[in-house]
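Note that the structure is a prediction, hence the values are computed from the model and not measured. Letters A, B, ... mirror the listed sequences (proteins, then strands); counts begin at 1.
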There are 2 protein chains.
Amino acid sequence: MNIGDAARASGISAKMIRHYEAIGLISAGRGANQYRVYAQADVAELRFIRHARDLGFPLQDVKRLLDLWRNRARASAEVKRLALDHVAALEAKAKSLSAMAESLRHLTEHCHGDERPDCPILEELGGAFSS
Amino acid sequence: MNIGDAARASGISAKMIRHYEAIGLISAGRGANQYRVYAQADVAELRFIRHARDLGFPLQDVKRLLDLWRNRARASAEVKRLALDHVAALEAKAKSLSAMAESLRHLTEHCHGDERPDCPILEELGGAFSS
DNA sequence: GCTTGACCTTCCCATAATAGGAAGCGCCAC
DNA sequence: GTGGCGCTTCCTATTATGGGAAGGTCAAGC
């Protein structure tokens with residue numbers, strides 16, 4: 001299987017597959033023509049990576065998860081700790097974004113949004129809430 | 001006022017002030033010694049930028065907001081549209097992160113997290129939810 | 001056997017926002 | 001007049017991804 005097929009089978013672009021190899025996340029065999037060669041097991045790893053990325057794990061965490069996945073004797077405790085840390089990070093980020101959205105929505109509700117120039121949004125940005 | 005004072009007065013690092021100038025967000029006069037010189041109005045702009053950044057506006061949006069802010073004859077409609085678009089983007093992002101957090105938290109609840117190797121988190125990442 | 005087109009290779013560049021650091025000069029206080 | 005701080009520019013790194021150029025390879029069709 002060449003890289004294009006592996007890309008289609010895993011949902012990861014060929015570009016990113018090469019990148020993941022370059023940063024040591026995965027490895028790939030080479031054929032006589034120097035083309036990268038992938039087996040089903042490699043595709044499974046790529047899919048694993050994609051699922052982890054879909055859950056927002058940074059590549060550094062993906063690397064550790066992948067190592068744990070490959071290791072049949074791993075302790076599930078480490079996986080759980082990694083996952084819970086990540087959950088906390090995700091929730092913190094989501095909360096922060098929601099807070100931003102809410103304060104901005106609050107501002108927009110007081111802006112009539114017509115052709116007139118006065119605008120509480122700009123006024124607020126212009127120095128009101130100092131910190 | 002030199003860049004260090006402007007940085008302290010605005011809460012934006014000198015590094016970033018130079019960067020904002022380099023990308024055309026702001027401009028600064030120069031003194032006889034080629035040092036950047038800032039007036040109170042410049043500090044006000046920097047503070048405006050920081051507030052907008054605090055609300056999560058990308059610099060591209062900040063640039064437009066800043067142009068609107070400088071323009072006394074602007075229509076508040078454009079500001080409001082920009083702000084509402086950004087609110088929508090923030091909320092979408094927050095929702096996406098919350099969804100990630102929730103599915104991951106769900107997985108962790110089924111992982112006993114001890115020294116045993118079996119782990120539903122890894123199993124799930126390993127191919128269960130295909131898409 | 002040669003062309004064509006799809007695929008592969010490597011290497012460079014770009015994004016967004018911020019930070020760290022090096023090398024060199026200016027300036028003020030002591 | 002010197003020490004130390006501040007300023008200058010330029011280079012590098014981060015995170016994850018994509019775009020593109022220049023060139024090699026392979027299979028199909030004529």
message: Could you tell me how far apart B:N33 (CG) and C:dC25 (C1') are, to the nearest whole angstrom?
response: 11 Å
task: Using the salt bridge (Lys or Arg N to Asp or Glu O under 4.0 Å) rule, take A:D67 and A:R70 through it: C-alpha gap first, then chi angles, then the decisive distance, then the call.
output: CA-CA 5 Å; A:D67 287 343; A:R70 289 167 176 148; 3.4 Å; yes
query: What is the distance from CE of A:M16 to C1' of D:dG18, rounded to the nearest Å?
result: 9 Å
task: May I ask you to say what A:R36 touches in the nucleic acid, namely base, sugar-phosphate or nothing, with a heavy-atom cut-off under 4.0 Å?
output: sugar-phosphate
task: Would you indicate what B:Y20 reaches in the nucleic acid, counting non-hydrogen atoms under 4.0 angstrom: base, sugar-phosphate, or nothing?
output: sugar-phosphate
- prompt: How long is the line joining NE2 of B:H19 and P of D:dT8, in whole Å?
  reply: 16 Å
- request: For B:F57 and for B:A32, find the nucleotide of DNA chain C with the closest heavy atom, then tell me which residue's nucleotide is more 5'.
  value: B:F57
- prompt: Hey, what do you get for CG (A:L104) to CD (A:E109), rounding to the nearest 0.5 Å?
  reply: 10.5 Å
- prompt: Of all the nucleotides listed (D:dT9, C:dA19, D:dG18), which has the minimum atom distance to the side chain of A:S13?
  reply: D:dG18
- line: Taken to the nearest whole Å, CZ/B:R18 to P/D:dC10 is 12 Å
- prompt: Taking atom C1' of C:dG24 as reference, at what distance in whole Å does atom OH of B:Y35 sit?
  reply: 11 Å
Distance, rounded to the nearest Å, where A:R30 contributes CZ and C:dT10 contributes C1': 10 Å
query: Any side-chain heavy-atom pair from B:K93 and B:L90 closer than 4.5 angstrom?
result: no
- request: Report the distance from atom CD1 of B:I23 to atom P of C:dA16, rounded to the nearest whole Å.
  value: 9 Å
- prompt: In the single-linkage hydrophobic clustering (I, L, V, M, F, W, Y; side-chain heavy atoms under 4.5 Å), do B:L122 and A:I26 co-cluster?
  reply: yes
query: Could you give the distance from CD1 (A:I3) to CD1 (A:I12), rounded to the nearest 0.5 Å?
result: 10.5 Å
- request: Identify whether any heavy atom of A:R53 sits under 4.0 Å from a base atom; if not, whether one sits that close to sugar-phosphate; answer base, sugar-phosphate or nothing.
  value: sugar-phosphate
message: Quick check on DNA chain C: between B:P58 and B:K15, whose nearest nucleotide comes earlier from the 5' end?
response: B:P58
- line: note: B:Q60, atom CD; C:dT15, atom P; distance rounded to Å ~ 11 Å
